[in-house]
Number of protein chains: 2
Amino acid sequence: MNITIESTKDLLRSRKLKATPTRLEILSALQKRNSAVTFSEIQNICNDTDRVTLYRTIQSFVDKGLIHKAYQSEDEVHYALCSHNCSSEAHFHNHLHFKCTRCKKVTCEYLEEEVKIILPKFQIEKVDITISGICKNCN
Amino acid sequence: MNITIESTKDLLRSRKLKATPTRLEILSALQKRNSAVTFSEIQNICNDTDRVTLYRTIQSFVDKGLIHKAYQSEDEVHYALCSHNCSSEAHFHNHLHFKCTRCKKVTCEYLEEEVKIILPKFQIEKVDITISGICKNCN
DNA sequence: CACTTAAATGCAACGAAGTTGCATTTAAGT
DNA sequence: ACTTAAATGCAACTTCGTTGCATTTAAGTG
Ligand SMILES: [Mn+2]
Ligand SMILES: [Mn+2]
Ligand SMILES: [Zn+2]
Ligand SMILES: [Zn+2]
C-alpha cells in the first residue's frame with residue numbers, strides 16, 4: 001500500500017486526531033524511515049513548532065497507538081511506528097529493539113521463532129528485549 | 001560468607017572508596033535485601049545526607065562495579081548489587097531483570113539455559129532482557 | 001597518637017527537561 | 001460561512017541532576 005499525505009491524514013483522523021501540519025510532518029517522517037526517532041530529531045524536523053506541542057504530540061501518538069517507546073538511551077528516548085495491531089485501546093508488540101553501535105539507529109526487529117524463557121515459579125507477563133550490536137546495513 | 005560491617009568496609013576499600021557512614025548505609029541496605037533500590041528509597045535510608053552526595057555515591061558505586069542499573073521505570077531507576085565478577089574495569093552481567101507487578105520489587109534473575117536469539121545478518125553484542133509479571137514470592 | 005592529605009561532603013547556584021494554565025488559533029463538521 | 005472542540009504557543013513553574021567551591025573527614029604516615 002502506498003503512503004500518501006492523504007493516507008497519513010486518514011490515519012490520524014481514524015485515531016480521532018486532527019491532521020495538523022506538525023502531526024503530518026512527524027508521522028510522515030517516521031513512515032519514510034525504517035528507524036526510530038528521538039525527541040531532538042523531531043525538533044529538527046519541526047523547526048518552528050513549540051517544544052510543548054511536540055511533547056503533547058508524542059504523548060497523543062503513544063496514547064492512540066501510533067508510536068511506541070522503542071529504546072531509552074542514557075539521555076534520549078527513541079520512538080518507533082506501531083504496526084496495525086496497536087490502537088487507542090492497547091499496544092500489542094511482539095518484537096525486540098535493536099540499537100546499532102555503528103550507525104546509532106534504533107529499529108524494531110522480528111524474530112523467526114519466539115524466545116522461550118523459563119523462570120520456575122514466576123508468572124511472566126511481558127518480555128522486553130533490547131539488543132545492541134551491528135545492524136544489517138552496517139554489517 | 002557472613003556479611004558484617006567490617007566486610008562491607010573492606011569491600012569499599014578494596015574498590016578504593018573510603019568507608020563513610022553514608023556509603024556503608026547504602027551498601028549494607030542493598031546487601032540485606034534481595035531486590036534493587038530506587039533513588040528515593042536511598043534517600044529514605046539516608047535521611048540526612050545531601051542528595052548531591054547520594055547522586056555522587058551512586059555514580060561511584062556504578063563506576064567501581066558495586067552496583068548496576070537494573071531497571072528503569074517511567075520515572076525511577078532501580079539499582080542492584082553486582083556480583084563479584086564486576087570491578088572498576090568492567091561490568092559482567094549475564095542475567096535478566098524482573099519487575100513484579102504485585103510487590104513492585106525489581107530483582108536480578110539467572111536463567112538455567114541461555115536464551116538463543118537469531119537475527120540473520122546482524123552482529124549481536126549485548127542482549128538486555130527485562131521481564132514483568134508475578135515474582136516467585138507473590139506467586 | 002598527632003599530623004597530613006586526598007577524598008568526600010554540604011551548600012548554593014545553575015541548567016536541562018518536562019509540565020501546567022490560559023489565551024489564541026485552527027481543523028473539520030454542519 | 002459558521003461553530004466548536006481540539007490543538008497550539010507562550011510564560012511560568014517544578015523536578016531532576018550537575019557543578020564549583022569551601023569545609024570536613026577517612027585513613028595512611030611517622
Ligand atoms: Mn518497536
Ligand atoms: Mn542485575
Ligand atoms: Zn547500523
Ligand atoms: Zn512480587
Side-chain angles (χ1 to χ4, degrees), chain A residues 4-29 36-69 71-79 88, chain B residues 4-29 36-69 71-79 88:
Chain A
T4 64
I5 285 290
E6 272 315 310
S7 73
T8 306
K9 284 188 180 180
D10 287 346
L11 175 58
L12 284 167
R13 290 175 184 138
S14 75
R15 303 303 169 93
K16 311 277 180 226
L17 291 174
K18 286 189 182 178
T20 65
T22 296
R23 285 172 176 173
L24 281 169
E25 263 190 317
I26 298 173
L27 200 49
S28 311
V37 284
T38 62
F39 182 77
S40 60
E41 286 173 328
I42 290 177
Q43 275 190 304
N44 290 337
I45 294 166
C46 308
N47 259 318
D48 38 278
T49 304
D50 193 87
R51 66 201 183 90
V52 177
T53 301
L54 297 181
Y55 283 121
R56 292 198 265 227
T57 302
I58 290 171
Q59 191 52 54
S60 65
F61 280 11
V62 171
D63 290 344
K64 300 296 184 176
L66 291 174
I67 65 175
H68 63 279
K69 187 183 290 191
Y71 182 82
Q72 163 116 44
S73 74
E74 325 293 297
D75 46 354
E76 286 208 302
V77 182
H78 296 245
Y79 294 95
S88 44
Chain B
T4 64
I5 285 290
E6 273 314 311
S7 73
T8 306
K9 283 188 180 181
D10 286 346
L11 176 57
L12 283 167
R13 290 175 184 139
S14 74
R15 304 301 169 96
K16 311 279 180 220
L17 291 174
K18 285 188 183 179
T20 64
T22 297
R23 285 173 177 169
L24 281 169
E25 263 189 316
I26 298 173
L27 201 48
S28 310
V37 283
T38 62
F39 182 78
S40 61
E41 285 172 329
I42 291 176
Q43 274 189 306
N44 289 338
I45 294 167
C46 309
N47 258 319
D48 38 278
T49 304
D50 194 85
R51 66 200 184 92
V52 177
T53 300
L54 298 181
Y55 283 123
R56 292 196 266 227
T57 301
I58 291 171
Q59 190 53 52
S60 65
F61 280 11
V62 171
D63 290 345
K64 301 295 185 179
L66 291 174
I67 64 174
H68 63 279
K69 187 183 290 191
Y71 182 82
Q72 163 115 48
S73 74
E74 325 291 299
D75 46 354
E76 286 208 304
V77 182
H78 296 244
Y79 294 96
S88 43

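Computation of the quantities below employed the complete heavy-atom set of this structure, encompassing side-chain atoms and omitting hydrogens, waters and symmetry-equivalent molecules. Only a predicted model underlies this, so the values are computations on that prediction, with no experimental measurement involved. Reminder, nothing fancy here: chain letters follow the sequence lines and each chain counts from 1.
Contact annotation: the side chain of B:Lys69 never approaches that of B:Val62 to less than 4.5 Å [non-hydrogen atoms, C-beta and beyond]. Residues A:Leu66 and A:Leu17 meet the side-chain proximity criterion, which asks for heavy atoms closer than 4.5 Å. The shortest side-chain heavy-atom distance between B:Thr49 and B:Ile42 does not fall under the 4.5 Å cut-off. Between B:Phe61 and B:Leu12 there is a side-chain heavy-atom pair separated by less than 4.5 Å.
Note on B:Arg13: only backbone sugar-phosphate atoms sit closer than 4.0 angstrom, heavy atoms only; bases stay farther off. The residue A:Ser60 sits apart from the nucleic acid: no heavy atom pair falls under 4.0 Å.
Separating the CZ atom of B:Phe39 from the P atom of D:dT18 is a distance of 10 Å, rounded to the nearest angstrom. For A:Asp50 and D:dA7, the CG to P distance is 16 Å, given to the nearest whole Å. Straight-line distance from the NZ atom of B:Lys69 to the C1' atom of D:dG17: 12 Å, rounded to whole Å. Look at OH on A:Tyr79: it is 11 Å from C1' on C:dG18, rounded to the nearest Å. Counting to the nearest Å, the P atom of C:dA27 and the CD atom of A:Glu25 are 13 Å from each other. Atom OH of A:Tyr55 and atom C1' of D:dG9 are 15 Å apart (whole Å). Rounded to whole Å, the distance from CG on B:Leu54 to C1' on D:dC16 is 13 Å. Rounded to an integer number of Å, the gap from A:Leu24 CG to C:dA27 P is 10 Å.
Listed candidates were D:dA27, C:dA28, C:dG21. Nearest to the side chain of B:Lys18 is D:dA27. Nearest to the side chain of B:Thr49, among C:dC22, D:dG17, C:dG10, sits C:dG10. Listed nucleotides: D:dG17, D:dA26, C:dT9. Nearest to the side chain of B:Pro21: D:dA26.
Base pairing of C:dT30 is made with D:dA1, judged by Watson-Crick or G-U wobble geometry with both donor-acceptor distances under 3.5 Å. C:dT9 and D:dA22 make up a base pair, with Watson-Crick or G-U wobble contacts both under 3.5 Å.
Projected onto DNA chain D by closest heavy-atom contact, B:Val77 and A:Arg56 fall at different nucleotides, the more 5' of which corresponds to A:Arg56. The residue among B:Gln59 and B:Ala19 whose nearest nucleotide of DNA chain D lies closer to the 5′ end is B:Gln59. For the pair B:Val52 and B:Leu17, both in contact range of DNA chain C, the more 5′-proximal nearest nucleotide belongs to B:Leu17.
Between A:Arg23 and D:dA7 there is a side-chain N or O to OP1 or OP2 distance below 4.0 Å. At the phosphate of C:dA8, neither OP1 nor OP2 sits under 4.0 Å from any side-chain N or O atom of B:Thr57. In this model, the phosphate group of D:dG9 is approached by a side-chain N or O of A:Thr53 to a distance below 4.0 Å at OP1 or OP2. For the OP1/OP2 pair of D:dA26 and a distance below 4.0 Å, the side-chain nitrogens and oxygens of B:Thr20 include no atom meeting the criterion.
Of the N and O atoms on the side chains of B:Ser40 and B:Thr38, at least one donor lies less than 3.5 Å from an acceptor on the other residue.
Separation of the A:Phe39 and A:Tyr79 ring centroids does not fall under the 6.0 Å cut-off.
Judged by atom type and distance alone, A:Arg51 does not reach the base of D:dG9 through any side-chain donor-acceptor pair under 3.5 Å.
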